[in-house]
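Note on naming: letters A, B, ... go to the chains in the order of the sequence lines (proteins, then strands), and numbering restarts at 1 for each one.
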There are 2 protein chains.
Amino acid sequence: MPLWQDLAHRTVAELEASGIRLRLDTVARRIDVERRELLVTDAVGGEETIGYEKLVVGTGAVSVRPRIDGLTGPDPLGPTDGVHLLHSMADTFAIMRTLEERSPASALIVGAGYIGLEMADALTLRGLSVTQVEQLPEALPTVDPGLGARVRAELERHGVDVLTGTAVTRIRQADSGSAGRFIVEAVAVDGAAVSRSVDLVLVVVGVRPNSELAAAAGATLSPTGAITVDRQMRTNLPDVFAAGDCVVTHHRLLGDSYLPLGTTAHKQGRIAGENALGGTREFAGSLGTQVVKIFDQAAARTGLRDHEAVTAGFEPLTVESEADDHKAYYPGSHRIHTRVTGDRTSGRLLGVQLFGHRHSEIAKRIDVAASAIFHAMTVDAISDLDLSYTPPLGSPWDAIQAAAQTWSQKLTRP
Amino acid sequence: MPLWQDLAHRTVAELEASGIRLRLDTVARRIDVERRELLVTDAVGGEETIGYEKLVVGTGAVSVRPRIDGLTGPDPLGPTDGVHLLHSMADTFAIMRTLEERSPASALIVGAGYIGLEMADALTLRGLSVTQVEQLPEALPTVDPGLGARVRAELERHGVDVLTGTAVTRIRQADSGSAGRFIVEAVAVDGAAVSRSVDLVLVVVGVRPNSELAAAAGATLSPTGAITVDRQMRTNLPDVFAAGDCVVTHHRLLGDSYLPLGTTAHKQGRIAGENALGGTREFAGSLGTQVVKIFDQAAARTGLRDHEAVTAGFEPLTVESEADDHKAYYPGSHRIHTRVTGDRTSGRLLGVQLFGHRHSEIAKRIDVAASAIFHAMTVDAISDLDLSYTPPLGSPWDAIQAAAQTWSQKLTRP
């Protein structure tokens, strides 16, 4: 049984052995850019000023709290009631407390993005009856609806009650005698009212950058509220770097965007650290590469979807196809569903979306596509890549290459 | 239960519907380059001359028959005895006949390359007791011995009797009363004689190009006997193209080599066909990317190993490291063993070798490395790739990126 402590990459002792002084239970309150000082308060409110030569801001993101009656207002429902936002370790501890102390039989998850899907998977495996509500027309709205429908089918196959195109309007304590502790009221896209009675409510509808500290010191923010940084992770403030979920994300195809992801945060943090020590390393940029496991399946994307490519000034063509993950004559093969987006004019590969079995190497197949987009390859040139083949694990033309060839055929013979 | 017919990509009817005339049981005997004619014989020996405008030669490879007493000479042991070479469909049918008609309890496989390993896996699963003999010091000699030792350990874990550094010298019929039908005699690297009594012998020690037809017509051959072609798959003979296991392989780092692989043959065949119709497409080159499943594990490689890099004029450094296939706190993680070869001077990534669980996405991880080498990336730049992450399937720095970072550390702090 893994412990939550295992989530940490390093122990306090390991960090301090490397020369880092770790100040826990300490909140950064104000950056004084002129004096190069940081005002902090400790656990009991005592103030202290720390001088710096270089400062790296990594304040991350905070959960979006949607306007739902019962979540906002003077006396909102919260963790002690069994209504949880989910972003930090503290949020997770609170959910674990609810699970252990109240043994809820049912849960409703507001949101069917990456985190919401992972929670549906985890809570179902834990034995809870799960309802998932998504305001947009399909589950996992970061992929095209055709693949999102496959995600929804996998949720439903495992007993999850999925309500798409449905907005939660109110969460309230149920009357005694009700099946669950809460009544969640929602409205479907056709205006129909729906409600569910559940014991636990999770609200996971995304995050926004936690940029107030830097902004108060004069840091420029993007329209999304993220701290503006250059590709060396420098803010507009002298000697102040920033990285992670609190900053704008340089996207290789879109320019500045906001895509808070762990992979990006790791890269940016490493660059900010190196440059704070005098380096000039640049963040190469994100492609928004993501993968999520949903029970026995996985969905992944990299690069641009059709409408994003239009916004970015391309003339995209998106073609869906399917192929075997490995030769079908070898036992245990599964179909992989692929959507390839390329530019009609230049032939350039712009984006790939994948859906398939969790053992169909979906995560690393999207990485092959991400590597190709990174190098601005054309869809046609994907067939030039020398990819591996053995019948139990692939095909002489990998599923990605077969999908690329289907795209090229569709372009010339629509 | 899959049928052997499922191995075919297309049926005769599908091929002929596309306008191809398929002539089965027909052997190409002579190319008359001047007259642009091909002399063929049919199943009963009847000769016919077929005119062509463009000719594509795809005569493939033939099995190497090693100098082993009992395999060579005037009356060699063969398929009707239960001693098999393994390359063609006909070879497979012969083995299936031996398996079905003689129900052998034991098999000895000469060779521990890709095909030999696959046969050890398949015959063990079929219930045979398998001995595997490899002349070179370790199993799977196309990867470094450290990873080959892991391959051997996996074979042994499944009961395969592995004899490495051992050369088979003689195969003979056993006397009646012997445990098996054959006595296989071998000599270990230290000179010790070893022998095994088995019911079935498989000899899989590689292939050589089947280039006689083209050579007789004047085609230039490489020192390995493969037909010389340019990157458009043109031979030196006018209007004669060649592709697949019978031709030299353009390697992106080595130049001309001979690496008969299905993936390469598919690419070359497509290019030869397109160019025979007037195209000018070029073969982008091989990196020798390969993967093989051995029971529950997989081994893979792409690019150059240390000694190959030296031969190619690089100053390589090869560093082995290990990482989790996905976050260890999520159940079911396995370690991946990686060997990264890079150039000390330029920092360029030259090769990657991987060993890990069959569900650790080894095949597609090697493909990410192959894509990086294809684009001449440095080892350092691998960390710039925007690869996917979710705890059940990866880490924020993928195993490949962690291995690249270890290589860079080793280069600067040996």
Of the backbone (N, CA, C, O) and the side chain (C-beta and beyond), which part of [X] lies under 4.5 Å from a heavy atom of chain B, both, or neither?
X	answer
Ala363(A)	both
Leu387(A)	both
Asp325(A)	neither
His326(A)	neither
Arg252(A)	neither
Arg301(A)	neither
Ile362(A)	backbone
Ala381(A)	neither

Taking Leu385(B), Val368(B), Leu393(B) one by one, which has the highest count of heavy-atom pairs under 4.5 Å against chain A? Leu385(B)
Selection from Ser395(B), Ser286(B), Ala370(B) maximising heavy-atom pairs under 4.5 Å formed with chain A: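 Looking at each of Ser395(B), Ser286(B), Ala370(B) in turn, Ser286(B) comes out on top.
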Do [X] and [Y] touch side chain to side chain, with heavy atoms closer than 4.5 Å?
X	Y	answer
Tyr329(B)	Gln5(A)	no
Gln405(A)	Arg270(B)	yes
Met377(A)	His375(B)	yes
Asp367(B)	Arg365(A)	no

Report the distance from atom [atom1] of [X] to atom [atom2] of [Y], rounding to the nearest 0.5 Å.
X	Y	atom1	atom2	answer
Ser371(B)	Ile400(A)	OG	CD1	9.5 Å
His266(B)	Gln401(A)	NE2	CD	10.5 Å
Glu361(B)	Arg358(A)	CD	CZ	10.0 Å
Lys267(A)	Ser383(B)	NZ	OG	7.5 Å

Is Ile366(B) close to chain A through its backbone or its side chain, or both, or neither, when contacts mean heavy atoms under 4.5 Å?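 For Ile366(B), side-chain heavy atoms alone lie under 4.5 Å from chain A.
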Contacting region of His357(B) [heavy-atom separation from chain A under 4.5 Å]: neither
Can you check whether Val291(B)'s main-chain N or O pairs, donor with acceptor, with Ser388(A)'s side chain at less than 3.5 Å? no
Asp386(B) side-chain N/O to Thr264(A) backbone N/O, donor-acceptor pair under 3.5 Å: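 Not confirmed, Asp386(B) side chain does not pair with Thr264(A) backbone.
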CZ of Arg231(B): more than 12 outside heavy atoms within 6.0 angstrom?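 It does: Arg231(B) CZ has more than 12 such atoms within range.
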Would you mind checking if Asp398(A) and Lys364(B) are paired as a salt bridge, meaning a charged N to carboxylate O distance below 4.0 Å? yes
Only heavy atoms, only distances under 4.5 angstrom. Which residues in residues 334-341 of chain A are near chain B? none
State whether a side-chain donor-acceptor pair under 3.5 Å links Glu118(B) with Thr390(A). yes
For Thr263(B) versus Pro396(A), what's the shortest heavy-atom pair and its separation? CG2-O, 3.5 Å
What residue, out of Phe283(A), Tyr389(A), Trp397(A), has the most heavy-atom pairs lying under 4.5 Å from chain B? Trp397(A)
Pair Phe374(B)-Asp384(A), side chain to side chain contact (heavy atoms under 4.5 Å, CB included): steps then yes or no: CA-CA 9 Å; Phe374(B) 186 95; Asp384(A) 289 339; 3.9 Å; yes
